> 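I have a structure here, written as structure tokens, and I will follow up with some questions on it.
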Amino acid sequence: MTATSRPARNIWKNRRTIEAIAIVAIALFVAFAMPLLLSEFRLKLLGRFLSFAIVALGIDLIWGYTGMLSLGHGIFFALGGYALAMHANLQLPEGQMPEFFTLYGVDALPAFWKPFVSFPFTAIAIFTIPAIVAGFLGYLIFRNRIRGVYFSILTQAALIVFFNFFNGQQELINGTNGLKTDTEMMFGVLMSSPEAQMVFFRVSVLLLVVGYVLCRWLTSGRFGRLLVAIRDDESRVRFSGYDPTGFKVLVFAISGALAGIGGALYTAQSGIITPSAMEVATSIEMVIWVAVGGRATLVGAIVGTLIVSYARTFLSEEFPAVWLFFQGALFLLVVTSLPDGLVGLWRDTVWPWVQARLGLTPQVAFPGMTDPGVELEKQEIESNK
Amino acid sequence: MFSTIVWRTHRLLLSNVERPRRFAAIVALSPDIPLNPYSFVSKILEIENLTVSFDGFKALNNLTFSMEPGELRTIIGPNGAGKTTFLDIITGKVQPTEGTVKFKGKSLAKKSEHAIAQLGIGRKFQTPRVYLNLTPRENLELSCNRTKNVIGSLFRKQSSGERRTIAGLLETIGLVAKADIQAGLLSHGEKQWLEIGMLVAQSPDLLLVDEPVAGLTDEETFQTAELLNSLAQSHSIIVIEHDMEFVREIARQVTVLHQGSVLCEGDMDSVQSDPRVIEVYLGQSEDEAA
Ligand SMILES: Nc1ncnc2c1ncn2[C@@H]1O[C@H](COP(=O)(O)OP(=O)(O)O)[C@@H](O)[C@H]1O
Ligand SMILES: [Mg+2]
């Protein structure tokens, strides 16, 4: 037994090493070479897309691996964004308040704003608040064994509630106008300055790597296999003695936390966060990123996000009217003909074809594996000759 | 009183560390060593006046049933007799409308499926339900794992005992060569066996097996009978089956269900010659009477 398992483990270790090296190399390239290759405007765009990719990782975790389609990730995205924006808006001389408050005649800072003065608090709040909201929402839903399309509808309903609440609360968070960050300071630096933007860009790269590694760890071990089991047959999991509720709550909370981090980084690089981040279409677009890239592959989530986001930018620059049509068509195309997304297309069709063309022996997966049914049929065909 | 104390001690002896090894042993057990750890406990399963109605239709009707520890019981009955519903009740999938279910003296009322599974009841479904996107080895690991909470699943490493148990089980169910391919690629019979393996890996005291040989070849049916017979050395088992040939292979005590109630109970010969049973089965179509 040890004789067979040891080489296998070595290969595993090697693969891990190769993967780690690849990640570090790509991350370093993006963080240090891209700023030289891209204009300031394009770099900012890439930074925003990388923060989207962090959100996509979270959606892949809950949807791709655990089988629950959330249409409410805009909530968590916005919560992260608002947390950062509140911190930025509070970097004022003693005794002053963010300007918009005076417009609505508010003369004392609302209590929930106060802790956001502190950067450490904000940094933790960016992922903790979305995680708590997601965990709580998830607990209510999963404990009652609400699944499938009902889960999706409930998350969308929650999204609409949050959207309306943020829109309506002028006195608390500036309502529809949202909170601007580009004219604010952080650590004494103007947030829209090239220096600050470069920091945000690199932090986005770094946190995308951290998010990837976290998701990789979660999905590769025993825990990850359980998520797949829950996705494929949740009630069977119960009969094996597991209570799926805790697992689903944790995954939903982590997924929310990742969306919060993405939201904060996006806000820093776009200069503003408004309730429109919680529009229904925005959350659906997040799902499309993952669908296009390929569910249940983490690389797919990242690649899908970048492709869809760049397509969006390109199309809305060239033909402003068509993006929404294109988005709908893309979703239909992927759902109907590419259920495993681009990564699936590559893995199952393109790569084997390339291998065959190059004369590389396509790996015979399991030599010596015989299917009794096939064997039987073979015998029958033989005897009929 | 005395029996509870003995029972506790016994549970202690078979504590978590010991259990996987116990199963590794079972797999290799020769059939002539009787090993029945439960012989001093009375009634592993006790069901009284159980009624289940679905919108007024009584799938189970005032059913009373009990089973000794270590027993291998076969339940037969025509389609729609309520056999699967009976297992649904024991495993907590369906709540009884009336009546009580006790497992090792403890009531199972209002317990959820996972809590019942943790008490030591394992179930194999009528159509094989294995995780198609996981490999047979991973399927077994998932069932074998003793710490079923979130933290344990995240941080606990698999013990070498568990690994050995799984290797042994893979051998028993004949899936060593296919241990690391997706379970979705297995044949129907292999899936049936994998699910039986998962059941054993879970290390339950009571195994509920719903139609294990449906769709299997004669050879596979025979092997399944052997497997269940060897498992019966150390477990209490309820097997539900249509295939009379198979039932004859394994049956000691047979319970006949009909329209949600127990029609009769006894050994195979007496049940087969019971006029009521003959009538129920002759009233059915040809293939079911077979
Ligand atoms: N969830 C349910 N709702 C309504 N009727 C059900 C349900 N489950 C089972 N039944 C009915 O109960 C009867 C017994 O079913 P079942 O236990 O599956 O029979 P068996 O396994 O003996 O073939 C059948 O008539 C079936 O239609
Ligand atoms: Mg049935």
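Computed from a predicted structure; not experimentally measured. Each chain gets a letter, A, B and so on, in the order the sequences are listed, and its residues count up from 1.
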> Check side chain to side chain contact (heavy atoms under 4.5 Å, CB included) between A/Ala253 and all other residues, then give those that pass, not counting sequence neighbours.
A/Ala131
> Is the shortest heavy-atom distance from the side chain of A/Arg231 to the side chain of B/Asn133 under 4.5 Å?
yes
> Which heavy atom of A/Gly246 sits nearest a heavy atom of B/Val150, and at what distance?
C-CG2, 3.7 Å
> Under a 4.5 Å cutoff for heavy-atom pairs, which residue among B/His188, B/Met198, B/His114 has the most contacts with chain A?
B/His114
> Can you confirm whether B/Lys148 sits close enough to A/Tyr242 that some side-chain heavy atom of one is under 4.5 Å from a side-chain heavy atom of the other?
yes
> For the side chain of B/Lys93 and the backbone of A/Ser235, is there at least one donor-acceptor N/O pair under 3.5 Å apart?
no
> Distance-only, no hydrogens or angles: does the A/Arg236 side chain make a donor-acceptor pair with backbone N or O of B/Arg129 under 3.5 Å?
yes
> Do B/Leu134 and A/Asp232 have side chains that approach each other closer than 4.5 Å (heavy atoms only, starting at C-beta)?
no
> Tell me, do B/Thr91 and A/Phe239 make a side-chain contact under 4.5 Å, heavy atoms counted?
yes
> Is B/Asn149 in contact with chain A via its backbone, its side chain, both, or neither, using a 4.5 Å heavy-atom distance?
backbone
> So do the side chains of B/Val130 and A/Asp233 get within less than 4.5 Å of each other, counting heavy atoms only?
no
> Could you pull out all residues at least two apart from A/Trp353 that satisfy ring pair (Phe, Tyr, Trp, His ring centres under 6.0 Å)?
none
> Please classify the contact between B/Lys124 and chain A as side chain, backbone, both or neither, with a heavy-atom cut-off of under 4.5 Å.
neither
> Take atom CD of A/Glu19 as the centre, draw a 6.0 Å sphere, and report whether it contains more than 12 heavy atoms from other residues, nucleotides or ligands.
yes
> Once rounded to the nearest 0.5 Å, what's the spacing between atom CZ of A/Arg238 and atom CD1 of B/Ile116?
12.0 Å
> How about B/Lys102: does its NZ atom have over 12 heavy atoms from other parts shown lying under 6.0 Å from it?
no
> Under a 4.5 Å heavy-atom cut-off, does chain B meet the side chain of A/Val237, its backbone, both or neither?
both
> Go through B/Asn139, B/Asn145, B/Leu132 and name the one with the most non-hydrogen pairs under 4.5 angstrom from chain A.
B/Asn145
> So A/Arg222 and B/Glu141, do their side chains get closer than 4.5 Å, heavy atoms only?
no
> Quick check: closest heavy atoms across A/Ser240 and B/Ala117, and the distance to 0.1 Å?
C-CB, 4.2 Å
